[in-house]
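Here's the structure, in structure tokens; my notes come after.
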Amino acid sequence: MPRFTSGELKVMSLLWAHGELKPAELQELFPEPIKNPAIRSYLTVLLEKGHVSRRREGKAYYYKAITRSRSAFRTMLDELAEACCGGSVRTLVMNVIKSEKLTEEDLIALKRLADEEGSKASGR
């Protein structure tokens, strides 16, 4: 899966959150001011990369995310782990936990999640 630039990821996030949108709608929802040609440029690239589909209704084009957010997240997580932690997602997560100021409640929630995942993995 080709990686996203920051702008492409913002467009994808909007499509994941709102579904099918026209470029003008994306422009309105974009987190910072952006001109319509820039939105259209992002959409063209995302279309070429196979991350979005486009359909025409009258004179308007509607764009929809094809790549699922979970799939994109996993790819980006793997890339970050590879770049920073020798490919180890475990090491990446441990570094995030160490670098964040987690509350006792956060740590309990993480422990609970780890226990649940451990139970699933062992088939209990």
Side-chain angles (χ1 to χ4, degrees):
M1 170 186 310
R3 70 172 43 154
F4 296 109
T5 65
S6 174
E8 292 166 1
L9 187 55
K10 288 175 186 173
V11 170
M12 291 299 294
S13 294
L14 291 171
L15 292 173
W16 288 324
H18 299 281
E20 192 176 57
L21 295 169
K22 296 187 289 187
E25 294 169 329
L26 281 163
Q27 186 179 2
E28 284 180 30
L29 294 168
F30 209 75
E32 64 251 5
I34 188 168
K35 296 191 184 279
N36 190 276
I39 287 286
R40 291 180 184 279
S41 176
Y42 286 136
L43 289 168
T44 298
V45 171
L46 290 167
L47 193 62
E48 289 171 357
K49 288 181 176 181
H51 292 300
V52 300
S53 64
R54 176 177 77 174
R55 73 174 179 87
R56 187 174 181 165
E57 189 175 300
K59 292 184 178 183
Y61 282 103
Y62 289 82
Y63 293 83
K64 182 170 113 178
I66 294 174
T67 300
R68 295 201 296 233
S69 62
R70 185 86 184 133
S71 174
F73 173 79
R74 185 63 208 198
T75 298
M76 289 185 287
L77 181 64
D78 290 343
E79 288 176 356
L80 186 58
E82 186 63 41
C84 300
C85 302
S88 170
V89 173
R90 180 181 186 277
T91 301
L92 176 65
V93 170
M94 295 304 289
N95 283 320
V96 169
I97 290 170
K98 288 177 187 175
S99 69
E100 292 298 310
K101 294 184 185 338
L102 300 177
T103 65
E104 187 174 339
E105 185 178 290
D106 293 333
L107 293 171
I108 290 169
L110 283 170
K111 171 80 169 99
R112 190 174 301 125
L113 179 64
D115 290 345
E116 288 171 10
E117 291 302 313
S119 294
K120 287 179 190 175
S122 65
R124 290 185 232 159

Nearest 0.5 angstrom please: [X] [atom1] to [Y] [atom2], how far?
{"X": "Ile97", "Y": "Leu110", "atom1": "CD1", "atom2": "CG", "result": "5.0 Å"}
{"X": "Leu80", "Y": "Glu82", "atom1": "CG", "atom2": "CD", "result": "10.5 Å"}
{"X": "Leu14", "Y": "Ile39", "atom1": "CG", "atom2": "CD1", "result": "7.5 Å"}
{"X": "Arg68", "Y": "Arg74", "atom1": "CZ", "atom2": "CZ", "result": "14.5 Å"}
{"X": "Leu21", "Y": "Glu28", "atom1": "CG", "atom2": "CD", "result": "10.0 Å"}
{"X": "Glu116", "Y": "Lys111", "atom1": "CD", "atom2": "NZ", "result": "11.0 Å"}

Trace of the side chain to side chain contact (heavy atoms under 4.5 Å, CB included) decision for Tyr42 with Ile34
CA-CA 11 Å; Tyr42 286 136; Ile34 188 168; 3.7 Å; yes
Nearest heavy-atom neighbours spanning [X] and [Y]:
{"X": "His51", "Y": "Met12", "result": "O-CE, 3.7 Å"}
{"X": "Pro23", "Y": "Leu43", "result": "CG-CD1, 3.8 Å"}
{"X": "Arg3", "Y": "Glu8", "result": "O-OE1, 3.9 Å"}
{"X": "Leu15", "Y": "Leu26", "result": "CD2-CD2, 4.1 Å"}
{"X": "Cys85", "Y": "Asn95", "result": "SG-ND2, 3.8 Å"}
{"X": "Lys22", "Y": "Tyr62", "result": "CG-CE2, 3.4 Å"}

For Leu92, is there any backbone N or O sitting under 3.5 Å from a side-chain donor or acceptor partner on Arg90?
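Here the side-chain-to-backbone pair does not exist.
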When you measure from the side chain of Ser13 to the backbone of Leu9, do you find a donor-acceptor pair of N or O atoms at a distance under 3.5 Å?
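Yes, because the side chain of Ser13 sits within donor-acceptor range (under 3.5 Å) of the backbone of Leu9.
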Between Val52 and Val11, is the side chain to side chain contact (heavy atoms under 4.5 Å, CB included) condition met? List the steps.
CA-CA 10 Å; Val52 300; Val11 170; 5.8 Å; no
Would you kindly confirm whether Met76 and Val96 end up in one hydrophobic cluster when ILVMFWY residues are joined by side chain heavy atoms under 4.5 Å apart?
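Different clusters.
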Please say yes or no: joined through hydrophobic side-chain contacts below 4.5 Å, possibly via intermediate residues, are Val45 and Phe30 part of one cluster?
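In one cluster: no.
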Counting C-beta onward and ignoring hydrogens, is there a side-chain heavy-atom pair between Glu32 and Lys10 closer than 4.5 Å?
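Yes; the side chains approach each other to less than 4.5 Å.
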So Trp16 and Phe4, would you call those rings parallel, tilted or perpendicular, with 30° and 60° as cut-offs?
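Ring orientation of Trp16 relative to Phe4: perpendicular.
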So with a 6.0 Å cut-off around CZ of Arg55, is the heavy-atom count from everything else above 12?
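Counting other residues, nucleotides and ligands, CZ of Arg55 exceeds 12 neighbours.
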Distance-only donor-acceptor check, side chains Thr103 and Asp106, under 3.5 Å:
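Looking only at side-chain atoms, Asp106 and Thr103 do form a donor-acceptor pair, the distance falling under 3.5 Å.
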